[in-house]
Amino acid sequence: MVLVTLSVIEGLERGKTFEALTPPVTIGREEDNDIQLNDERVSRVHAKIQEDRGQVILTDLNSTNGSRVNGHPVQLRVLRPGDHLQIGRCTLLFGSDRQIADRARRMGVQVAALSPLKHADSSAAAGLVAEAEMSGEHLMLPLFPDGPPPLPDSLDAGQAARLTDVLMYIHERLSDLSFEAKEPDEQPADARISVPWDRWQNTLLLQRDLAAWLKTVASPGGDPPNDG
């Protein structure tokens, strides 16, 4: 059983730590949530954290204002120690001190490198700290700082075949783009690569398809939007 620790680093509950919670854990504005956040931008039942095969998964429950991880909007996300969750105007740090330190050690970095302000311009970061709340737009970190996510395991033959088809489709579209891209003869610092218009449009259509797939996978039941 993986236990969940979340520390509130911005919001009315700032400084409060919810330690060693047993999933599933709900986050929202109502009192009966495991983590209650007093913020009108937080939906009554905003998000849920659950465990699956040793992984901790955040699901946005079709909240009015959405959820962010490391500054990026997400519907469904595998959480890693050190991730920052933005729920309304509240920011929560996922993981215990030991879990975050262990991840930093595996990545070969200092714990401070997992701080979002380390990835911002120093003068801008100073301004954010001095005059603004820590919102999702300010806390911008890579979603995958320690490399590509692992592929799912324990798939049956049909699931493996469907995943293979999806990956092959993506690979084929990107191959079309890369094979027809043209580099300039000289490559100054601001060099650009040109691609045929139709290949670029196919890439945009691929991005559209990926967005639709992400939405379908995250909300397979087509749940209606949260009423706040």
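Each residue takes its place number in the sequence, starting with 1.
- Ionic pairing of Arg103 and Asp83 is present here: one or more N-O contacts between side-chain nitrogen and carboxylate oxygen are shorter than 4.0 angstrom.
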Q | Pair Gln86-His84, side-chain contact (heavy atoms from CB on, under 4.5 Å): steps then yes or no | A | CA-CA 7 Å; Gln86 288 83 45; His84 298 75; 3.5 Å; yes
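- Residues Leu58 and Ala47 approach most closely at CD1-CB, 3.8 Å, considering heavy atoms.
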Q: Mind running side-chain contact (heavy atoms from CB on, under 4.5 Å) on Asn70 and Leu85 for me, showing each step along the way?
A: CA-CA 6 Å; Asn70 298 342; Leu85 284 59; over 6 Å; no
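- The main-chain N or O of Arg173 is never found under 3.5 Å from a side-chain atom of Asp176 such that the two would form a donor-acceptor pair.
- With a 4.5 Å cut-off on side-chain heavy atoms, Gln36 and Ile27 do not count as touching.
- Scanning all heavy atoms of the two residues, the minimum distance from Thr59 to Gln50 falls at OG1-NE2, 3.7 Å.
- Surrounding CH2 of Trp213 are more than 12 heavy atoms belonging to other residues, nucleotides or ligands, all under 6.0 Å away.
- Using a 4.5 Å cut-off between side-chain heavy atoms of Ile, Leu, Val, Met, Phe, Trp and Tyr, with links allowed through other members, Val166 and Leu155 fall into different hydrophobic clusters.
- Applying the 6.0 Å contact sphere to CD of Gln207 captures no more than 12 heavy atoms from other residues, nucleotides or ligands.
- Taking CG of Asn38 as the reference point, atom CD of Glu31 lies at 8.5 Å (rounded to 0.5 Å).
- For the side-chain hydrogen bond (donor to acceptor under 3.5 Å, both in side chains) test, residues two or more places apart in sequence or in another chain that qualify with Arg105 are Asp102.
- Residues Met1 and Pro23 form a side-chain contact, since some pair of their non-hydrogen atoms from C-beta on lies under 4.5 Å apart.
- Two different hydrophobic clusters hold Leu205 and Tyr169 under the rule that ILVMFWY side chains link at heavy-atom gaps under 4.5 Å.
- The shortest side-chain heavy-atom distance between Val78 and Val56 does not fall under the 4.5 Å cut-off.
- Both the sub-6.0 Å distance and the 45° axial angle are satisfied by Arg77 relative to the ring of Phe144.
- Between Phe94 and Val69 there is no side-chain heavy-atom pair separated by less than 4.5 Å.
- Ile35 has its side chain out of reach of Glu13: every pair of non-hydrogen atoms, C-beta onward, lies at least 4.5 Å apart.
- Put simply, Leu214 and Val74 are part of two different groups of oily side chains (I, L, V, M, F, W, Y) that touch within less than 4.5 Å, one to the next.
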Q: Could you check Arg89 against Leu12 for side-chain contact (heavy atoms from CB on, under 4.5 Å), going step by step and ending with a plain yes or no?
A: CA-CA 9 Å; Arg89 288 173 294 189; Leu12 291 177; over 6 Å; no
(Q) Between Leu177 and Asn202, does the side-chain contact (heavy atoms from CB on, under 4.5 Å) criterion hold? Intermediate values first, please. (A) CA-CA 8 Å; Leu177 182 69; Asn202 284 341; over 6 Å; no
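- Not counting sequence neighbours, Asn65 has no partner by the side-chain hydrogen bond (donor to acceptor under 3.5 Å, both in side chains) test.
- Taking the salt bridge (charged side-chain N to carboxylate O under 4.0 Å, His left out) definition, one finds that Asp156 meets it with nothing, sequence neighbours left out.
- Thr5 and Ser96 share no side-chain donor-acceptor pair at under 3.5 Å.
- A distance of 13.0 Å separates CZ of Arg162 from CG of Leu167, quoted to the nearest 0.5 Å.
- Atom-to-atom distance recorded for Ser194:OG and Glu180:CD is 11.0 Å, nearest 0.5 angstrom.
- Applying the 6.0 Å contact sphere to CD of Gln159 captures more than 12 heavy atoms from other residues, nucleotides or ligands.
- Within 6.0 Å of CG on Asp209 lie more than 12 heavy atoms contributed by other residues, nucleotides or ligands.
- With a 4.5 Å cut-off on side-chain heavy atoms, Ile100 and Leu93 count as touching.
- A chain of hydrophobic side-chain contacts below 4.5 Å, direct or via other Ile, Leu, Val, Met, Phe, Trp or Tyr residues, connects Ile9 to Val111.
- Of the possible donor and acceptor atoms, one in the side chain of Thr203 sits under 3.5 Å from a partner among the backbone N and O of Arg199.
- With hydrogens and angles ignored, the 3.5 Å screen pairs no side-chain donor or acceptor of Asp39 with any backbone N or O of Gly11.
- Nearest approach of Ala181 to Ile193, heavy atoms of both residues: CB-CG2, 3.5 Å.
- Residues Ile49 and Leu6 form a side-chain contact, since some pair of their non-hydrogen atoms from C-beta on lies under 4.5 Å apart.
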Q.
With side chain to side chain donor-acceptor pair (under 3.5 Å) as the criterion, how do Ser43 and Ser63 come out once you've worked through the C-alpha distance, each side chain's angles and the decisive distance to 0.1 Å?
A. CA-CA 6 Å; Ser43 294; Ser63 64; 4.6 Å; no
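- When all heavy atoms of Arg53 and Ser154 are compared, the pair lying nearest together is NH1-CB, 3.4 Å.
- Following chains of ILVMFWY side-chain contacts shorter than 4.5 Å, one can reach Val195 starting from Leu204, so the two form part of one hydrophobic cluster.
- Note that the NZ atom of Lys16 and the OG atom of Ser7 stand 12.0 Å from one another [nearest 0.5 Å].
- Here Leu37 contributes atom CG and Glu30 contributes atom CD; the two are 12.5 Å apart, rounded to the nearest 0.5 Å.
- Atom OG1 of residue Thr164 and atom NE2 of residue His171 lie 13.0 Å apart, to the nearest 0.5 angstrom.
- No side-chain heavy atom of Leu76 sits less than 4.5 Å from a side-chain heavy atom of Asp60.
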